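What you are looking at is a predicted structure, and each value in this text was computed from that prediction instead of being measured.
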Amino acid sequence: MFLLFFARISKFSGISAGVLLMASLAPAVALAEGDEYEEWTARFQTTYVWQKKSSFRAAYSGSQSLAAEAEKSYTATATAYLGFRPWQGGELYLNPEVTQGVPFSDLNGTGGFTNGELTRTAGTTPTLYRQRLFLRQTWNRGGGEEVVEADANQMAGHVDTNRFVLTLGNFSTLDVFDDNAYAKDPRVHFMNAGFMAPLAYDYAADARGFGWGFAGEWYQENWVFRFGRMTGPREPNMLPTDYRIGRHYGDQIEIERGHTLAGLPGKVRLLAWRDHARMASFDDALAYLRANPSADPQAIAAVRNSDKTKSGLGINIEQALADDLGFFLRAMKADGRTETLAFTETDASLGTGFSLKGARWGRADDTVGLGYLRNALSAERQRYLAAGGISFFLGDGALNYRPEQVVEAYYSVNIMRGVYLTADVQHIRNPGYNADRGPANFTALRFHAEF
């Protein structure tokens, strides 16, 4: 049945069957769920997202604008999560992934990408790459025992409440930092990248969102302290990695506090980060643009000639309001003086919303989500774009600045165990932070299966 479904999707969208190969093999090799302790794991996922953008009003457009005419976009990913325990407390994981996809307007023209999967795709030809290869080591320190349920990159077992966990190798900063129970994974939660992480969190990574480095986590009762350092790209927003982690890097520190409110669980996280890399400042780029009016308007490339530091601070809240209803809020502010290193073009972001399970209408595994994003730019970035400057994802030729605002709603239907179909709508006001363009409306369908 699954192979027939995949074949029809392939015919509809042009997706090669190779993208979905791992998913079709999944039922044959995945471990049975419910195991209390796993020595090894082989789990799989496949996700297909189809999106359509309606045409919208635009007073003008530039080379990096979101196209005003109607467009279609899709992504397809298939991932294997393979792991085993090499010794006591140790877990070694490898994630090969196949990706394929076509973004709206070459991914230009918005602060928040409408599909968080888009940065991992590589065009219409399926591409196989190593997504992750990392070691996780746990040192237990007492305080009682917690059950660890089987999941992607997580083997069923037990750990102490008080423990220290070291993650080392090739992974994503978001695997460890800025977690949230209601807004995290664009494959199952909200689709917009602004709900995957605060858009002002310019965490060091390659163009796909991964890097090399380490992260430590100290769990003590209801508290967690995290710290880590990761590699970034050789050039901002590009794929090749800069392995000089002692010279160019992204650091982060996070403090988490778990609590109960009226008997319902919640968490508060404070996150501080700092990037150090070769980046351009917007003031330097603006000065160059004014001194060389006939030069390439992507002036940031001309003044990217020294190492600079970029930093930010944010808060992340999740709170259960009932057994089936959750609330979340993220807010973050970056200094905004330098160009984006590795994420999206945002210097201050707010994301909030609700997630409701379907138990009230007899569909306990369905989920309804409603969320709101507000993304803003620093004064330095505004001046550069208003003067006609071009950055990596933005450049309308001018700028009538307003914060970009996004409203997203989705309904995820559980078709059968591990298989979900989601309908999603997004409304973006002031796309690319420009009141002279938009609003833009998007509709989407998402198929997701995990085994």
Side-chain angles (χ1 to χ4, degrees), residues 64 107-108 110-113 116 118-120 170-178 193-194 196-215 227-254 271-286 298-314 330 332-349 375-382 384-385 389-395 433:
Q64 306 297 86
L107 210 57
N108 294 319
T110 62
F113 306 139
L118 282 167
T119 58
R120 301 177 185 177
N170 180 200
F171 59 99
S172 170
T173 300
L174 299 183
D175 293 342
V176 178
F177 297 87
D178 191 57
M196 181 176 71
L199 292 183
Y201 185 14
D202 195 7
Y203 63 96
D206 63 21
R208 292 192 179 106
F210 300 89
W212 290 84
F214 68 89
F227 61 92
R229 171 170 286 193
M230 297 294 291
T231 59
R234 293 181 193 171
E235 295 182 36
N237 281 297
M238 301 300 285
L239 189 59
T241 300
D242 186 345
Y243 293 102
R244 297 172 293 176
I245 197 169
R247 179 177 176 182
H248 297 151
Y249 50 81
D251 288 338
Q252 35 270 315
I253 297 175
E254 184 178 60
L271 173 64
W273 57 272
R274 179 186 66 172
D275 295 334
H276 187 73
R278 179 150 294 193
M279 296 180 285
S281 81
F282 288 113
D283 284 348
D284 289 348
L286 179 59
Q298 195 163 21
I300 53 175
V303 298
R304 193 182 293 145
N305 48 28
S306 64
D307 291 352
K308 294 180 177 62
T309 298
K310 182 178 182 180
S311 60
L313 181 66
R330 284 189 179 101
M332 181 167 283
K333 180 72 166 62
D335 59 51
R337 294 187 297 270
T338 58
E339 65 179 316
T340 297
L341 176 65
F343 198 26
T344 73
E345 305 224 36
T346 306
D347 300 308
S349 56
N375 308 317
L377 298 181
S378 66
E380 293 91 337
R381 197 188 300 248
Q382 290 179 43
Y384 173 69
L385 293 172
I390 293 175
S391 53
F392 202 86
F393 298 111
L394 299 177
Y433 309 92

Output, in order, the C-alpha distance, side-chain angles, deciding distance and verdict of side chain to side chain contact (heavy atoms under 4.5 Å, CB included) for R274 and Y249.
CA-CA 8 Å; R274 179 186 66 172; Y249 50 81; 3.5 Å; yes

Donor-acceptor check, side chain of D284 to backbone of S281, threshold 3.5 angstrom: yes or no?
no

Quick one: side chains of residues 227-236, donor-acceptor pairs under 3.5 Å with protein atoms, not counting sequence neighbours, listed by atom name and distance.
from	atom 1	to	atom 2	distance (Å)
R229	NE	D251	OD1	2.7
R229	NH1	I245	O	3.4
R229	NH2	D251	OD2	2.9
T231	OG1	W212	N	2.9
T231	OG1	W212	O	3.4
R234	NE	T241	O	3.2

Parallel, tilted or perpendicular for F113 and F393, by the 30°/60° rule?
perpendicular

Find out whether P198 and D178 are in side-chain contact, i.e. whether some heavy atom of one side chain is under 4.5 Å from a heavy atom of the other.
yes

Gap separating the CZ atom of R304 from the CD atom of Q298, nearest 0.5 angstrom:
7.5 Å

Does the pair D242/R278 count as a salt bridge with the N-to-O cut at 4.0 Å?
no

Is any side-chain heavy atom of F392 less than 4.5 Å from a side-chain heavy atom of E345?
yes

Apply side chain to side chain contact (heavy atoms under 4.5 Å, CB included) to Y201 and R330, showing your working.
CA-CA 11 Å; Y201 185 14; R330 284 189 179 101; over 6 Å; no

Between D307 and R247 (salt bridge meaning N to carboxylate O under 4.0 Å), is one present in this structure?
yes

List the steps and the verdict of ring pair (Phe, Tyr, Trp, His ring centres under 6.0 Å) for F177 and Y203.
CA-CA 10 Å; F177 297 87; Y203 63 96; 10.0 Å; no

So, the side chain of Q382 versus the backbone of L377: is there a donor-acceptor pair under 3.5 Å, distance only?
yes

Can you name the nearest heavy-atom pair linking W273 to L313, along with the distance?
NE1-N, 4.2 Å

Taking all non-hydrogen atoms of both residues, which atom of F282 and which atom of G336 are closest, and how far apart?
CD1-O, 3.8 Å

Ignoring hydrogens and angles, tell me if any N or O in the side chain of N170 forms a donor-acceptor pair with the backbone of G211 under 3.5 Å.
yes

Closest non-hydrogen atom pair between A285 and I300, with its separation
CB-CG2, 3.9 Å

Taking every heavy atom of Q64 against every heavy atom of S391, the minimum-distance pair comes out as NE2-O, 3.6 Å

Quick one, L271 and M332 - any side-chain contact, counting heavy atoms below 4.5 Å?
yes

Note: D202 and L341 closest approach over all heavy atoms is OD2-N, 2.6 Å

CG of D275 to CZ of F343: how many Å apart, nearest 0.5 Å?
12.5 Å

L385 and Y433, any side-chain heavy atoms less than 4.5 Å apart
no

Nearest 0.5 Å, please: how far is CG in D283 from CZ in R337?
9.5 Å

Can you name the nearest heavy-atom pair linking T346 to S349, along with the distance?
CG2-CB, 4.0 Å

Here the gap from Q252 atom CD to T173 atom OG1, rounded to the nearest 0.5 Å, amounts to 4.5 Å

Quick one, K310 and D335 - any side-chain contact, counting heavy atoms below 4.5 Å?
yes

